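A short worksheet on the structure shown next.
Residue indices begin at 1 and follow the sequence shown. We use all heavy atoms of the structure for the numbers below, so side chains are in, but hydrogens, waters and symmetry mates are not. Each ligand, and each atom within it, is numbered from 1 in the order the structure gives. If you're wondering where the values come from, they're calculated on a predicted model, not measured in any experiment.
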Amino acid sequence: MAGRLIYLIGPSGSGKDSLLDAARPRLAERGCRIARRVITRSPEAVGEAAQGVSPTQFAVMEAEGAFALSWQANGLCYGIPKAIDEWLAAGEDVLVNGSRAHLAQTRERYPTLLVLLLTVDQTVLRQRLLARGRESLADIEERLARNTRFTEELIAANGAGLCVLDNSGPLEHTVERLLCCLG
Ligand SMILES: Nc1ncnc2c1ncn2[C@@H]1O[C@H](COP(=O)(O)OP(=O)(O)O)[C@@H](O)[C@H]1O
Ligand SMILES: O=P(O)(O)OC[C@H]1O[C@H](OP(=O)(O)OP(=O)(O)O)[C@H](O)[C@@H]1O
């Protein structure tokens with residue numbers, strides 16, 4: 001039987017990268033892969049084990065069909081390597097750090113996907129983004145404004161097919177909740 005695509009989405013700074021890092025050993029134990037993303041972010045950017053490429057390299061990879069999924073957001077391009085399709089076909093579950101804006105297209109391609117929506121109280125979120133220190137103040141405010149819109153719309157449109165993970169508390173609690181959602 002084909003594996004399941006598990007599509008983790010949530011606001012910038014909600015803790016997607018941190019959650020994936022914290023859950024990595026537990027996910028590996030249950031045979032769930034985590035896709036390594038390709039991002040047009042400078043290689044020295046901290047915070048995620050992603051492959052950093054230039055916009056030109058990204059365009060070449062995309063034209064060569066290197067990605068199963070790709071999208072643009074926050075001035076960056078993101079790609080999910082084609083290898084996930086082989087893993088899924090081999091019956092392995094694959095977790096992807098995804099985009100809320102790209103959910104509809106992802107669902108078209110992977111109709112049985114499980115959506116995990118990570119949420120955080122807005123004040124806690126602002127503090128975490130400031131503490132992470134990766135974006136400018138203006139970028140942080142822009143990401144926060146984009147979030148509020150998205151979260152409300154997503155819950156309204158995807159109620160039953162969506163598992164909400166609140167990451168306002170300790171990360172270990174969120175890891176347990178994630179594993180519960182996977183069943
Ligand atoms: N449960 C948590 N408690 C405290 N800090 C957290 C928690 N989850 C994430 N963080 C912190 O919040 C910031 C944003 O997390 P990150 O994983 O980079 O988010 P995302 O990948 O969703 O953009 C990081 O500095 C991270 O250490
Ligand atoms: O459509 P959206 O849901 O807003 O998502 C757009 C992108 O932004 C997020 O990245 P984030 O800002 O969390 O930082 P990242 O680039 O480290 O993933 C998310 O991981 C997506 O790749």
Atom of [X], atom of [Y] and distance for their closest heavy-atom approach:
X: Asp166; Y: Thr174; answer: O-OG1, 3.6 Å
X: Leu118; Y: Lys16; answer: CD2-N, 3.5 Å
X: Ile9; Y: Gly98; answer: CG2-C, 3.7 Å
X: Gly13; Y: Leu129; answer: CA-CD2, 3.5 Å
X: Ala101; Y: Arg146; answer: CB-NH2, 3.9 Å
X: Trp71; Y: Ser99; answer: NE1-CB, 3.3 Å

Within the 4.0 Å heavy-atom shell around [X], which atoms of ligand 1 are there?
X: Leu171; result: 1 (N), 8 (N)
X: Ser18; result: 9 (C), 15 (O), 16 (P), 17 (O), 26 (C), 27 (O)
X: Lys16; result: 17 (O), 19 (O), 20 (P), 21 (O), 22 (O), 23 (O)
X: Asp17; result: 17 (O), 21 (O)

[X] and ligand 2 - part of the residue with a heavy-atom distance under 4.0 Å:
X: Ser99; result: both
X: Gln72; result: neither
X: Asp17; result: side chain
X: Ile9; result: neither

Judging by distance only, is a nitrogen or oxygen of [X] under 3.5 angstrom from one on ligand 1?
X: Arg128; answer: yes
X: Arg132; answer: yes
X: Gly13; answer: yes
X: Pro170; answer: no
X: Arg134; answer: no

- Message: Heavy atom to atom 17 (O) of ligand 2, shortest distance: which of Arg146, Arg41, Arg143 holds it?
- Response: Arg41
- Message: Minimum distance, heavy atoms only, to atom 13 (O) of ligand 2: which one of Lys16, Arg134, Arg37 is it?
- Response: Lys16
Determine, using heavy atoms of [X] and all atoms of ligand 1, whether some pair is separated by less than 4.0 Å.
X: Asn167; value: yes
X: Ser14; value: yes
X: Ala131; value: no

Reported [atom1]-to-[atom2] distance for the pair [X] and [Y], which is rounded to 0.5 angstrom:
X: Ile6; Y: Leu182; atom1: CD1; atom2: CG; result: 4.5 Å
X: Ile140; Y: Arg143; atom1: CD1; atom2: CZ; result: 8.5 Å
X: Leu8; Y: Leu114; atom1: CG; atom2: CG; result: 10.0 Å

- Query: Applying a 4.0 Å heavy-atom criterion (strictly less than), which segment of Pro11 is in contact with ligand 1: side chain, backbone, both, or neither?
  - Reply: backbone
- N/O donor-acceptor pair under 3.5 Å between Asn167 side chain and Val120 backbone: no
- Task: Examine distances only and state if a side-chain atom of Arg37 and a backbone atom of Val96 form a donor-acceptor pair shorter than 3.5 Å.
- Result: no
- Message: At less than 4.0 angstrom from any non-hydrogen atom of Ala73, what atoms of ligand 2 do you find?
- Response: 6 (C), 7 (C)
- Message: Using a 4.0 Å cutoff against the non-hydrogen atoms of Asn97, which atoms of ligand 2 qualify?
- Response: 20 (O)
- Give a yes/no on ligand 2: does Gly98 have at least one heavy atom closer than 4.0 angstrom to it? yes
- For His102 and ligand 2, answer yes if some heavy atom of the residue is under 4.0 Å from a ligand atom, otherwise no. no
- Task: Assess the side chains of Asp139 and Asn74: does a donor N or O sit below 3.5 Å from an acceptor N or O?
- Result: no
- Item | Heteroatom proximity flag, Ser12 to ligand 2, N/O under 3.5 Å | yes
- Any nitrogen or oxygen of Ile39, main chain or side chain, under 3.5 Å from a nitrogen or oxygen of ligand 2? no
- Could you note down all residue pairs passing side-chain hydrogen bond (donor to acceptor under 3.5 Å, both in side chains) where residues 22-34 supplies at least one of them, sequence neighbours left out? Asp21-Arg24, Arg26-Glu176, Arg33-Glu92
- Task: Go through the steps to decide whether Ser12 and Glu142 satisfy the test side chain to side chain contact (heavy atoms under 4.5 Å, CB included), and finish with yes or no.
- Result: CA-CA 10 Å; Ser12 186; Glu142 202 169 298; over 6 Å; no
- Note on the structure: Across all chains, not counting sequence neighbours, the side-chain contact (heavy atoms from CB on, under 4.5 Å) partners of Cys77 are Thr40, Phe58, Gln72
